[in-house]
Each structure stands twice: as C-alpha cells, then as structure tokens.
Amino acid sequence: MEEAVRRLNAEYGFNLNEEEIQQIARQAEEANRLFEPLFAVDLTGVTPILKMDLRSQGSKTKREKKR
C-alpha cells in the first residue's frame, strides 16, 4: 500500500514525507479491511429502492439564479 501512496505522491506532487506516506497507507489498509465484507455481497439482479432523478441536479433554474 505504501508503494501505491508513493506513486500517487510522485504523480500528483503532494510532497508527502515518509511519516505521512506510512500514515496514509495504514489508514487505507484499515478502510480496505472495513469495507471488504461489502465487496463480497452479490447484488446481481437487485433493483435499487431509490431512483435518482439526475435532471434535477446541476444547473439552477432562472428564478434560483436571480436570488
């Protein structure tokens, strides 16, 4: 995991020191262990309960822009 953080550090120029790289790698490993059971859930054929209307997101109406 530390190597992945080092690659991102170099690619994006975060200028992280070794301690910060190790801390981020530890946190990423902890998060991976936390979410691992969720990745094992098979949702094939499951329809979501909520359906989002993406048209309502984005630009505001003319009336909202005037306010």
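Note that the numbering runs from 1 along the sequence shown for the chain. Values below: all heavy atoms of this structure, side chains included; hydrogens, waters and symmetry mates excluded.
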(message) Let me check something: do Val41 and Phe39 share a hydrophobic cluster, defined by ILVMFWY side-chain heavy atoms less than 4.5 Å apart, either directly or through other members?
(response) no
(request) Over all heavy atoms of both residues, which pair between Ala25 and Met1 is shortest? Give the atoms and the distance, please. (result) O-CG, 3.6 Å
(message) Salt bridge check, Glu2 against Arg6: does any charged N sit closer than 4.0 Å to a carboxylate O?
(response) yes
(message) Glu29: which residues meet the salt bridge (Lys or Arg N to Asp or Glu O under 4.0 Å) condition with it, sequence neighbours left out?
(response) none
(message) How close do Asn15 and Glu20 get, counting heavy atoms only, and between which atoms?
(response) O-OE1, 4.2 Å
(request) List the atom of Asn9, the atom of Leu16, and the distance in Å for their closest heavy-atom pair. (result) OD1-N, 3.0 Å
(request) Taking atom CD of Glu18 as the centre, report whether more than 12 heavy atoms of other residues, nucleotides or ligands fall under 6.0 Å from it. (result) yes
(message) Same cluster or not: Leu38 versus Val46, using hydrophobic residues (I, L, V, M, F, W, Y) connected whenever any side-chain heavy atoms lie under 4.5 Å apart?
(response) no
(message) I need the Ile21 CD1 to Glu3 CD distance, nearest 0.5 Å.
(response) 9.0 Å
